[in-house]
Amino acid sequence: MDTNIKQNIESTPTFGDQNDETPSMGGGLPIIEFWAEHTLSPSGPKLWKTLLHKSACLSCSWGTGGQKGGFTNEVGEKLQRCMKSVEAIAAEIQPPISANVFSQHTINELQQLTSLEADRLGRLSFPMILRAGKTHYERISWEEIYQIALSAFSKSPERVASYSSGRSSNEAAFLLQLMMRSLGSNNLADCSDLCHAASTTALKQMFGTRTSVVDLENLKQADCVVLAGSNCAYNHPRLMNELIKLRDRGGQVIVINPIEEIGLVKFGSPAFPIKSLLTGSDISSLYLQPIPGSDTALFVGIQKSLIEKGMVKIEYLQAYTEGWEFVVEQARTTDWETITKICGISQPEIEAAATIIGKSKRVVFGWAMGITQHNNGVDNVYSIANTALITGNVGFEGTGVMPIRGHSNVQGFGSMGVTVNLKTEIQATLEKLLGRSLSRVKGYDTRALITAADDEKVDALICLGGNLYAANPDSTQAKRALGKIETIIYLATKPNLGHFHGLAKQNTIIIPVLNRFENPHKTTVESGNNFVRLNDEGETHIKNAELISEIEFLTELAHRIHGEYPVKWRKLQDTKYVRQLIAKTIPGFEKMANIDETKEEFTISGRIFTEPKFPTPSTKAAMFITPLPKLILPDQKDFGIPESIKGVIVSLITGRSYSQHNTVVYKIGDQYRGMPHRNCILMNRGDAESVGLKEHQRVTVQGDAGKLENVEVIYGAVRQGAALMFYPEVNAIFKAQIDERSGTPGFKRVPVFVY
């Protein structure tokens, strides 16, 4: 492969050839340096134009933007853009990829690219196809694309599927699920199946809702936040501003994370240039580092301590909850030795957390994928919500439970019905629209989709954004499974690893689409805290290209498949009519009908609880006992490695690096963890040196599906028995255990042997 295909890529540092010093706080001046580097560069004017465009941030679900302006949040506060937003925009305003890249380089050569290298190729600007038996992607006409797609989606409904991510709009999501359900298919897999499905499953059963019950205004009234399994300093930096303000007004933050992330200890925010940026702001009041996967035991311990301290709100439980007696009894009768042994946190530390929670007037409990990505993820969420209810911290201003979602519109996709677990209310409205009952065949979530494809049960797949190949555990299985599907259609703005490894059996088609701030029509997205933003029309910087909006492609494809059933699909290319259809079909989105005229962004009705009455049959919150996990690691022989080889077994946490968004990598290293490149393992010094390993030594990391070699050992503030590596690269070596109730893989507790 010639050097042109890897231009503008950082070189990987040689082993031991890096600065061992890590920053003393998260954020700070490096953020300002990053902003200066990008906004003062030749592409700076385009970057600023996009930053100021009235559209929602491309990055996380805590992003800003919309009609209030590019730097403004839901309540009108300014200076709320973060570095991740700039990273995402900078990637989207890259020049188009030359057609020569695909005509001169074989698919085998393209498969040698890393995630970073694939992203740095630039923007996709013309449709392509890789045909069976061919070695190169080639251009394809739109008419042939529709012919192939029509044939592919004319197969039996149970043999066609979709996969999506949160990069697109509510309108595109609604059209996707309507097209699929009109076919009679419920196979609507989504990236959230791999992330927060445990949250939606647990919260629906407990509270009758699937989302956060806290909005930004409520968070501002809390005097304590419990932050579990989240590294928002890296992944949701705007949330850090709220934690800084909470600490400034005398509140406290309890952080629960097996890794001590420096940004959750101290963070310097550009939003507060005088009091925070240079010196940093204290974030955590108490930092607990439990054994990965033990969160249920830790929260049962907090509940036990609350009971012993007389801090349980019995009157609240009696009036507003069901099943509380069993939860309280479980915590009361579980002995301290069992709890502390499982979670690895001492009784005094647990009691300190309980005291902070019990003495605080208004507590918000937030969590991310460190809680959900376990084979007991639903129990983990139960245990957090049980703790909130035991202390009366749901249903009042300044209180509640708050799953911290990832991609900027991943929650919107679920709201629009892109899910295998469709709400009863939406099912009824869709059946009225379709004039018939929806299929009762249970659809494929993301893991079930991979399994079904591997069993040759899927003929056609359309992917609206995302990276289905790289997001899944066991990359070998994912590649094999996708290779058994006849036709795969990818809609994307830039190439990713899935376009080169997730290849179909017959036809792999890549459709180049416009991004959020380029669409010729208005669209909407939903934040992780239930706020709907309106995105203005825009235009692309790419000239003489064959880009298409997702709305145009989906409506045209649906028209060719369905004609004018159940709607006039081509009319819906005007997204105003899609929004009117959403308003009639999706409960809580009634204001969508007039948003084009009013420009009124809104919080979805019925989701923020400011009184303890819940949308459950009894109007009470249901509480569930949470079995304590049995955290047993395999033996060395289970990895097929002779006993003569010395090494250590650890629970591996897979995670993002500092400069990464989902599977898209923007920089090779992670300066805040001291990890100079992607092929590192962050280890506890004691674990490494117990078997004679040293920092910067090269090791092999073996999982149950494969191994990675020449991995550099980096010492870090990770608790003993745990370690961290970056995904998607590390996904190749393990088969994740699945939480059967939510379908979510256990990415955050992967047994590996390091030698």
CA sep, side-chain torsions, deciding dist, call: R405, N529, side chain to side chain donor-acceptor pair (under 3.5 Å): CA-CA 9 Å; R405 304 299 294 259; N529 286 345; over 6 Å; no
Trace of the side-chain contact (heavy atoms from CB on, under 4.5 Å) decision for T626 with F299: CA-CA 10 Å; T626 51; F299 278 97; over 6 Å; no
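Counting only residues at least two apart or in different chains, side-chain hydrogen bond (donor to acceptor under 3.5 Å, both in side chains) contacts with residues 721-731 comprise R678-E729. Identified under the salt bridge (charged side-chain N to carboxylate O under 4.0 Å, His left out) test for residues 410-421, with sequence neighbours left out: none. Sorted by first then second residue, the salt bridge (charged side-chain N to carboxylate O under 4.0 Å, His left out) pairs that include residues 280-298, not counting sequence neighbours, are K266-D282.
Partners of R607 according to the side chain to side chain donor-acceptor pair (under 3.5 Å) rule, which considers only residues two or more places apart in sequence or in another chain, are S415, E526, N530. The salt bridge (Lys or Arg N to Asp or Glu O under 4.0 Å) search around D454 returns R480, K484, not counting sequence neighbours. The side-chain contact (heavy atoms from CB on, under 4.5 Å) search around A189 returns Y163, D193, T446, L449, not counting sequence neighbours. For K735, the side-chain contact (heavy atoms from CB on, under 4.5 Å) test picks out D474, D704, A705, with sequence neighbours left out. Every residue two or more places apart in sequence or in another chain that forms a side-chain contact (heavy atoms from CB on, under 4.5 Å) with A732 is listed here: S475. Partners of D445 according to the salt bridge (Lys or Arg N to Asp or Glu O under 4.0 Å) rule, which considers only residues two or more places apart in sequence or in another chain, do not exist here. With sequence neighbours left out, the side-chain contact (heavy atoms from CB on, under 4.5 Å) criterion links S408 to R516. Listed by chain and number, the residues in a side chain to side chain donor-acceptor pair (under 3.5 Å) with S360 amount to none (sequence neighbours excluded). Under the side chain to side chain donor-acceptor pair (under 3.5 Å) criterion, K245 pairs with E77, E242, sequence neighbours left out.
Donor-acceptor pairing under 3.5 Å is recorded for the side chains of D190 and S192.
Relative orientation of the H661 and H407 rings is perpendicular, given thresholds of 30° and 60° on the angle between their planes.
Between Q373 atom CD and I738 atom CD1 the span is 10.5 Å, to the nearest 0.5 Å.
With respect to I342, the side-chain contact (heavy atoms from CB on, under 4.5 Å) criterion is satisfied by exactly one of V300, L298, L628: L628.
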